[in-house]
Q: 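Once you've had a glance at the structure underneath, I'll fire off some questions.
In the text below, chain A, chain B and the rest are named by the order of the sequence lines, each starting its count at 1.
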Amino acid sequence: MTENLSMAKAINLGLQRAMREDDRVILMGEDIGTLGGVFRVTEGLKNEFGENRVLDTPLAESGIVGTAIGMAMRGYRPVCEIQFDGFVFPAFDQIVSQLAKQTSRHQGTQSFPVVIRIPYGGHIGAVEHHQESPEAYFAHTAGLRVLSPATPSDGYHMIRQAIQSNDPVIFLEPKARYWPKGDVDFDATPAPAHQSRVVRTGTDVTVVGHGAMVAMLLDAAEVAAGEGISLEVIDLRSLSPIDYAPIIASVEKTGRLVVAQEAPGQASVGSEIAATVAEAAYYFLEAPVLRVSGFDTPFPPANLEGTYLPDVDRILDAVDRARGF
Amino acid sequence: MTENLSMAKAINLGLQRAMREDDRVILMGEDIGTLGGVFRVTEGLKNEFGENRVLDTPLAESGIVGTAIGMAMRGYRPVCEIQFDGFVFPAFDQIVSQLAKQTSRHQGTQSFPVVIRIPYGGHIGAVEHHQESPEAYFAHTAGLRVLSPATPSDGYHMIRQAIQSNDPVIFLEPKARYWPKGDVDFDATPAPAHQSRVVRTGTDVTVVGHGAMVAMLLDAAEVAAGEGISLEVIDLRSLSPIDYAPIIASVEKTGRLVVAQEAPGQASVGSEIAATVAEAAYYFLEAPVLRVSGFDTPFPPANLEGTYLPDVDRILDAVDRARGF
Amino acid sequence: MPYTEATLQLLSTDGTLVESDRTAEYRALVDRLTDDHLRLFYREMVTTRRFDIEAGNLQRQGQLALWIPSLGQEAAQVGSAFATRPQDTIFPSYREHSIARIRGIDPIHIIELLRGVTNGGWNPNDSRFRLYTLVLGTQTLHATGYAMGIQFDGKVGTGDQSADEACIVYFGDGSSSEGDVNEALVFAQSYQTPQVFFLQNNQYAISVPVVRQSRSPLYLRGEGFGIESYQIDGNDVLISYAVTRLAMDEARAGHGPRFIEAQTYRLGAHTTSDDPTKYRESSEEDYWKQRDPIARFEKFLRFRGESDSFFEQVRQEGEELAADIRRKTVELTPPPMDVIFDHVYTDAHPVTAAQKKWLQEYEASFGGQA
Amino acid sequence: MPYTEATLQLLSTDGTLVESDRTAEYRALVDRLTDDHLRLFYREMVTTRRFDIEAGNLQRQGQLALWIPSLGQEAAQVGSAFATRPQDTIFPSYREHSIARIRGIDPIHIIELLRGVTNGGWNPNDSRFRLYTLVLGTQTLHATGYAMGIQFDGKVGTGDQSADEACIVYFGDGSSSEGDVNEALVFAQSYQTPQVFFLQNNQYAISVPVVRQSRSPLYLRGEGFGIESYQIDGNDVLISYAVTRLAMDEARAGHGPRFIEAQTYRLGAHTTSDDPTKYRESSEEDYWKQRDPIARFEKFLRFRGESDSFFEQVRQEGEELAADIRRKTVELTPPPMDVIFDHVYTDAHPVTAAQKKWLQEYEASFGGQA
Ligand SMILES: Cc1ncc(C[n+]2csc(CCOP(=O)(O)OP(=O)(O)O)c2C)c(N)n1
Ligand SMILES: Cc1ncc(C[n+]2csc(CCOP(=O)(O)OP(=O)(O)O)c2C)c(N)n1
Ligand SMILES: [Mg+2]
Ligand SMILES: [Mg+2]
């Protein structure tokens, strides 16, 4: 069955299906129960599954992730919601020193299937700490998997895959994409979650991104097409591990790569992709890999987010520069 | 006056001098007072300056950094010690959401001259969480400066520069280099802390690294020289910002670059350097920038650290591969 | 019900003073207040509420991204704020609009923050009212560190209350669960900092009732850390003033930190994004409306013979403030793009400098086309 | 002095039982212990101490990178460990060697951890003794989450103490300052988890005396969070057993969490890297040596008529354990390099797979030269 849904609703349905299929799936977070989450992603779930499976937790992020780890030790599959990107850092120690390392520390005796959902990214005009893109911190951390859907369909399928994964997953939900609708085929067999995907084919320059940036790249490709430039757009979907095969295959064709992200550029996922592709596609690249990122500054006041965040123009500027080599 | 000292002692003297010169410098941390720190870097300072300037704090890292921020608001210049690399994460929120952003949030009305000293890195055979290299997390975070000395001389001068800086500084002290001695000229005018430095000139391949890796690179250069290969070695010193000028100048000469670090490679400082140099020195590179890193796994049990950490052989392997292009 | 045996109160819901041995020392402080003081309390509560309503309207009209009302919490805030001395430093959470005003901050700067014009808004060294902090609880540690700085400066316990300093930090019932708040209590008790922890228990953390944070009264939390703690009726401006006043005096005198839990209620939504009907009963709201801090204090003032003209005048002031804010808000312009880069670091920084330059040139490159 | 009015004790320093109304219910529990039980308590304390000394020797001889002794804390540990039931789960800190042994773990696995052979060491699902945790306090939240899992499973408060479960988590006086421990208390009280918080107050966090963490007794911390709390003489194995036993029973019965502060003393160094003469007086150590948990219990057993041959037999067992550990330690070999990559993830992972393969090929490339 296919329905036209927002990503928020798609993830909601993905959570619901996962919970129906496996009663060891527990949701936990601030305001996710009665209220259904500040983005309503968990709406209705407490009603259906009760307060022992949809937990309105005390207000303490380290507590949320730390207790989720303990539940995983007991065989549960907790799905934590962090209310906003900027509020994941109080839980950072539990994520980086505990969750990410537990599987290795246990050497095969215990899995840690904990999902941490984080609404992230800009474009919503919100106050400080509510528009950040913290993915680099997690992509750098061995032991975690990091996913970010860009469409309602991926929202539905990837949250289910994240919950099915036996590993800790940081699940980054692009807030800017919560509301636009798209078709979701509930019965489709989804691609593996770690695969990146060509979402528009082209021949001149490859552009890759994730989350809300994918729609921006598609817009840019549309504008570029009007100028006679053909962009191939790749949706990363997984930020750790990164599936390089489609990227390299694309670069072998186009010879040019632009990586776009909202996060600050320094020591970021964009850096990683640029470095790896520059090495792996060395003989095919006709220009250096160019990166378009948020500036290396704190996220500015919302009035300036349009200036801070990469937009179609900045992407096309990089495309032009790549073509200029 | 020049003396032959260990880096631990050099930093101790640097702290002492900074405290004598400015009575707003406050040291704080776990066991740094009476005990002088688990690495004895603060030995004798509580005796000299008293317990209001050398604080044995309660055991709470977020508390240490959070109260340091408050002291900075009051005009103090706190220098926090985090006992080991792996224990900085409980303070991560205060570092990333508060310390790093406060200067920008205050828009010129308040500076945040807080130094966070972190003994880091491997080679000491210690248990879990005691051998990590967390620099990527900080290098990715706008608003912080990240320094790492590789020699006693830099230990002495750079800690003073870190304290003099009006910005937050993450000061990473390579534990493996705490004890080897080197000359320290107390009266020398040091190079600016953010500058990288060519520490051995060469012509075939440029190799860059920081902290304990610098000695490793010099060893590798020595071995390579025996095989007739000339390596130019660059000590990064500052990981944020990175001073690319000497690196690019070197690559313009050698055409080849190997970046080495103990940290896991994914989305790391090494990725950033590789990506940036691949772009900035595009016309000069005769091979892709190659990276040698810790594996993308948690730091293994100490028995395996020799296998996990880049060593002379792995560096030379990369050098060979770079030369193979 | 949130009130316990321990709850301190001076002013009952019907606006009469409650006599009790337990509150005698607080009553004495209140008796020393002049009519002008009391009028000031009232004026600040009323005008802030009017401002709050106006800001909510502005948000609905698309002028603000968000508004965070303080409706219902005016007594807890105004009373405690007037209990500080000018040399004391205040660490707010993000809802202490009346306190900002008492500290001389034009509330348009709060509007700027919520409109997305700035992440700060004022110079906290001028007002000794620090910036709003949005990551819950983090400011409690800043306050403790600041209080330690007061100790280093020797500005505590000298016996001169007009020179000694203390600070006060505001946080919510939800925030009390955060590790940082508890670490702040540890440090404060360990170093015996000159500081008051002021917990506004408005019964909710967004949709989550306080019982999820704690099944036992939160002022006991402070006790457990070895800090003298009080629970007050947070809708009684007089007890808020008096208890905070004594606590701050104790802190300034070098007797260490104090902890105050003010039982109050968020009469409106958490923010303009929130819909409280989803998670609470109107009967509960009614209960609290009957305990409205302003209505109660108005009754008290009227008993004391305050004239209609005074109330009318204050109402008028509120209207003027609202009009002023509305005018200033619509005049606000986006900040220059330099705000992104300037002051990220205090000292010169090559990366932000280069990116700023790049952006300027990049923007300039559109000059011809625009 | 660490003991307060509130400190519960059954066995005095001179090995005699203390009579008191306050401890009657605990005394009753102890009276039900058989001679064999009491011998077991003694045996575990003595053999663990001998093991601890041997491990210290091995470290000095370069066989271990580090050793973390439990010297002096045997009573707190052994008593509380025997108070658990097999179905209960234990979350240790990193010093609970006797408890590991009681839970059937060959202490060579602890040696492996400190030798750098593993970051784990045993299968915690077999022993229900979880892995040692080195980031202070983090395990308290894991214990709380686990206890919530017990609740989800309906394994609490069914009235059947032989099927119901609880867990117990150990942490130190220093660790009690960490935000995580306090958040664990918040969650535990909020969800009324079946769980005991067992604080071993050994008076120091490395060099820092407990007064820096708190000027008031730490068991009050638990009270402040609304959790029933006890302070016990941690060098009295009988009170440790009895209070923990009742607390665990309460937890299993669904009456919520309990908090126990055990006043004890780290008789030796923090670890083999540490030199306690730098920060504490020998007079203080002497005070505590006179309160040695083993000597005290030995006196008690001798009063009860335990024979020399028993003590000699236990001594002998300790020697055998030491010899066994020494032999096994020197036989330990470094783990295979696959340990770096395997089990980083449970499911297949391209990056670790590729890096493992790279390393294998890389190492193989030296094959000819080696
Ligand atoms: C660390 C952190 N987590 C979550 C949030 C999101 N958030 C903003 S306000 C709020 C509720 C706060 O409740 P309380 O502390 O009681 O203060 P109140 O809003 O009631 O004044 C939440 C969860 C945040 N700002 N910071
Ligand atoms: C988060 C964290 N910070 C610092 C350390 C370093 N460290 C190891 S043990 C210790 C002292 C712990 O004291 P306490 O909790 O009293 O336990 P004890 O060692 O006395 O049993 C410290 C500071 C650590 N392991 N984890
Ligand atoms: Mg609240
Ligand atoms: Mg201790």
Q: Side chain, backbone, both or neither: which part of C/Val351 has a heavy atom under 4.5 Å from chain A?
A: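 Side chain only.
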
Q: Are there donor-acceptor pairs under 3.5 Å across chain A and chain C? List atom names and distances.
A:
from: A/Asp31; atom 1: OD1; to: C/Ser207; atom 2: N; distance (Å): 2.8
from: A/Asp31; atom 1: OD1; to: C/Ser207; atom 2: OG; distance (Å): 2.6
from: A/Glu43; atom 1: OE2; to: C/Lys278; atom 2: NZ; distance (Å): 3.0
from: A/Asp56; atom 1: O; to: C/Arg212; atom 2: NE; distance (Å): 3.0
from: A/Leu59; atom 1: N; to: C/Gln213; atom 2: OE1; distance (Å): 2.9
from: A/Asp296; atom 1: N; to: C/Gln355; atom 2: OE1; distance (Å): 2.8
from: A/Asp296; atom 1: OD2; to: C/Gln355; atom 2: NE2; distance (Å): 2.8
from: A/Phe299; atom 1: O; to: C/Asn119; atom 2: ND2; distance (Å): 3.2
from: A/Ala302; atom 1: N; to: C/Gly116; atom 2: O; distance (Å): 3.3
from: A/Asn303; atom 1: N; to: C/Gly116; atom 2: O; distance (Å): 2.8
from: A/Asn303; atom 1: ND2; to: C/Arg115; atom 2: O; distance (Å): 3.2
from: A/Asn303; atom 1: ND2; to: C/Gly116; atom 2: O; distance (Å): 3.4
from: A/Asp313; atom 1: O; to: C/Tyr362; atom 2: OH; distance (Å): 3.4
from: A/Arg314; atom 1: N; to: C/Tyr362; atom 2: OH; distance (Å): 3.0

Q: What part of A/Phe84 is in contact with chain C, defined as an atom under 4.5 angstrom from a non-hydrogen atom: side chain, backbone, both or neither?
A: neither

Q: Heavy-atom pairs under 4.5 Å with chain A: which of C/Leu136, C/Leu359, C/Val181 has the most?
A: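 That would be C/Leu359.
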
Q: Among all residues two or more places apart in sequence or in another chain, which pass the side chain to side chain contact (heavy atoms under 4.5 Å, CB included) test with C/Ala262?
A: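 Scan of C/Ala262 (side chain to side chain contact (heavy atoms under 4.5 Å, CB included), adjacent residues dropped) gives C/Ala76, C/Phe198, C/Ile232.
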
Q: Closest approach of C/Leu113 and A/Val127, non-hydrogen atoms and distance?
A: O-CG1, 3.8 Å

Q: When you compare the side chain of C/Val344 with that of A/Pro298, does any pair of heavy atoms fall below 4.5 Å?
A: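 With C-beta onward as the side chain, the pair touches.
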
Q: For C/Leu114, which atoms come within 4.5 Å of any heavy atom of chain A: side chain, backbone, both, or neither?
A: both

Q: Quick one: of C/Gly179, C/Ala65, C/Gly174, C/Gly137, who has the most non-hydrogen atom pairs under 4.5 Å with chain A?
A: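 Maximum pair count with chain A is reached by C/Gly174.
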
Q: Roughly how far, to the nearest 0.5 Å, is CZ of A/Phe295 from CD1 of C/Ile340?
A: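 One finds 6.0 Å between CD1 of C/Ile340 and CZ of A/Phe295.
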
